[in-house]
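Before any comments, here is the structure.
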Amino acid sequence: MPFSRTRRILLAAAGCAAIGAGSLLSLGQTSARPQATASPDPPGCHFVCDHIQHVVIIVKENHTFDNLFGQYPGANGTSRAREGGNTVAMGQTPDALSGDISHNSGAAIRAVNDGRMNQFYLLNGAQQNGQDVADSQYTAAQIPVYWSYASHYAMADNFFSTILGPSFPNHLVLIQGNSDHAVDNPSGSGMSGGSSSGAPPAWGCDSVSTSRVRVWENGTIHRVKPCFNSTTLADEANEQGVSWKYYAPSRGQRGYIWSSFDAIRHIRYSDQWDSNVVPTENFVSDVQNRQLPAISWVIPGWSQSEHPPESECVGENWTAQQINAIMQSPYYWRNTVIVLTWDDFGGFYDHVAPPHQSKYLLGPRVPFLVISPYAQPGLVDHTQYDFRSVIKFVEQTFNLPEQAAYNRSVNSIAGMLQNHPNPHDLLAPDVQNPTSCS
């Protein structure tokens, strides 16, 4: 059984963690665009962050904390789900579902049900082959690699998706700390195929001319072209001379919808689109050829994404392949922090009501792991985080200018790290062999 421990408060990490208690960014505020709010922390991230030279952000698809880690010892999980006024035992999630579960903003609002967390079973696609797959979870035997990472490194069990909605807005938060008020996926191109015109699926500036995304602004919903021009973490890195790359599926591939910089006009139509937004498969070769940038986002292809109905086993093996490349590198493992998270709830059950800051903020909990020789080993961190916590950590680590528009009173994930690397993990990291997928 994996070993876990409760959160240890270290001075080094606490020096980096946010302690401000200001209100979080509201998607319904009166400004025309999201506004930046200054961080209460001192500039930069001292102690442990001074030793980190690379941050790798791996983003998988569509699972909640309870769906992957609801039975993890020492964590705030559950093996029982609320269905209306009843409580039922959660079944075992099939490795591959027969279809998707509805997880747009409307579905998320319905499932959360004003914090009751009791209507996941009513979502479209929740009932598959006679099983309520929405109210189900994986066992440790099904996802041994993820449980091994959790036991060796650091896990957060109070990490929420930022937007009460699906992939597009939450992926935007992971590059800039806000979603440009978007709360849903764009219309006009499907998840698994192209639009009705036959164009390749795309959700940003490359989407079909009729594509629109719902945005919640000034208390009302309206629809805009999903091609924005906001300041991103990449822009901050450019100003500071910090290298970055976004590894994602290319145009024409099914996973291209998750290539978030396609929705940022000044990057999509710049030279950096070709130099910095590169195919996913380049990540491992860049690691092996000592060409890893300081900041990396790594987005899987469709079949490796874990997005239902795709295989969880196949997706886990792909994740291990990316992380193994870092662990086996004599240049990068010793100075890298790997962040592994999932972008939204995907229709799966979670029992913890997300803190309510506005109609679409925050969303249900998602799994979150920090994998690094600097991660507190076996940590189960109960601190509240969301995707903005990752952006804040990267800004602290590389002393980036705070130009992206989001409220920095959120906690930084720096609190999941320790002052000195774990000597054992420097020499023998938790390299994982692929599991057999039936």
Side-chain angles (χ1 to χ4, degrees), residues 17-18 20-29 34-37 57 59-69 75-77 103-120 155-185 214-217 219 221 339 341-368 381-393 404-413 415-416:
S23 62
L24 299 177
L25 176 67
S26 169
L27 290 174
Q29 64 190 37
Q35 299 297 306
T37 302
I57 304 166
V59 187
K60 306 305 295 283
E61 291 292 312
N62 294 43
H63 293 280
T64 59
F65 185 88
D66 280 340
N67 181 241
L68 265 59
F69 293 109
N76 182 15
H103 54 280
N104 58 24
S105 62
I109 290 171
R110 184 179 194 185
V112 169
N113 193 20
D114 293 325
R116 298 179 184 89
M117 313 303 285
N118 65 351
Q119 294 192 158
F120 293 79
M155 176 173 70
D157 67 354
N158 207 25
F159 191 104
F160 296 87
S161 52
T162 304
I163 307 300
L164 185 61
S167 294
F168 181 76
N170 282 300
H171 275 259
L172 282 175
V173 176
L174 278 162
I175 64 170
Q176 61 186 24
N178 71 80
S179 70
D180 279 302
H181 297 291
V183 297
D184 257 320
N185 294 335
R214 292 185 347 127
V215 297
W216 172 259
E217 206 166 9
I221 286 284
V339 167
T341 191
W342 283 254
D343 68 340
D344 68 69
F345 82 116
F348 289 106
Y349 182 78
D350 195 80
H351 79 283
V352 176
H356 180 79
Q357 302 297 330
S358 75
K359 184 174 181 179
Y360 296 102
L361 188 79
L362 300 168
R365 290 188 308 170
V366 291
F368 185 84
D381 190 347
H382 307 309
T383 305
Q384 181 177 313
Y385 300 113
D386 67 76
F387 295 137
R388 296 168 296 179
S389 302
V390 178
I391 303 299
K392 181 174 181 177
F393 169 69
Y406 72 98
N407 191 322
R408 290 171 175 81
S409 68
V410 296
N411 294 306
S412 166
I413 61 166
M416 299 177 71

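All residue numbers in this chain count up from 1 along the given sequence.
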Would you please test W342 and N67 for side-chain contact (heavy atoms from CB on, under 4.5 Å) and show each step?
CA-CA 11 Å; W342 283 254; N67 181 241; over 6 Å; no

Determine, stepwise, if the pair N185 / N104 fulfils side-chain contact (heavy atoms from CB on, under 4.5 Å).
CA-CA 7 Å; N185 294 335; N104 58 24; over 6 Å; no

Using the rule given for side-chain contact (heavy atoms from CB on, under 4.5 Å), can you reason through V183 versus V215, listing the C-alpha separation, both sets of side-chain angles and the distance that settles it, and then say yes or no?
CA-CA 6 Å; V183 297; V215 297; over 6 Å; no

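Looking at I163 and F387, their side chains never come closer than 4.5 Å, going by heavy atoms from C-beta outward. Residues N170 and V59 fail the side-chain proximity criterion, which asks for heavy atoms closer than 4.5 Å. Between P367 and T64 there is no side-chain heavy-atom pair separated by less than 4.5 Å.
Here F368 contributes atom CZ and T341 contributes atom OG1; the two are 6.0 Å apart, rounded to the nearest 0.5 Å. One finds the CD atom of Q384 at 8.0 Å from the OG atom of S389 (value rounded to the nearest 0.5 Å). The structure places CZ of R365 at 14.0 Å from CG of D386, a figure rounded to the nearest 0.5 Å. Note that CG of D344 is 6.5 Å distant from OG of S161, once rounded to the nearest 0.5 Å. The CG atom of L362 lies 10.0 Å from the CZ atom of F159; values are rounded to the nearest 0.5 Å.
Between the side chains of N76 and H351, at least one donor N or O lies within less than 3.5 Å of an accepting N or O. Side chain to side chain, D381 and T383 meet the donor-acceptor criterion of an N or O pair below 3.5 Å. Checked by atom type, the side-chain pair N113/N118 shows a donor-acceptor distance below 3.5 Å. Inspection of the S105 and D184 side chains reveals an N or O donor paired with an N or O acceptor under 3.5 Å.
M117 and A353 make their closest contact through SD-CA, 3.7 Å (heavy atoms, listed as atom of the first residue, atom of the second, distance). The two residues A156 and Y385 come nearest to each other via the heavy atoms CB-CD1, 3.9 Å.
Side chain of K392 to main chain of S412: no donor-acceptor pair is present (N/O by atom type, distance under 3.5 Å, no hydrogens or angles). Side-chain atoms of D350 come within 3.5 Å of backbone atoms of D66 as a donor-acceptor pair (strictly under, hydrogens ignored). Y406 contributes no side-chain N or O that, together with a main-chain N or O of V173, makes up a donor-acceptor pair within less than 3.5 Å.
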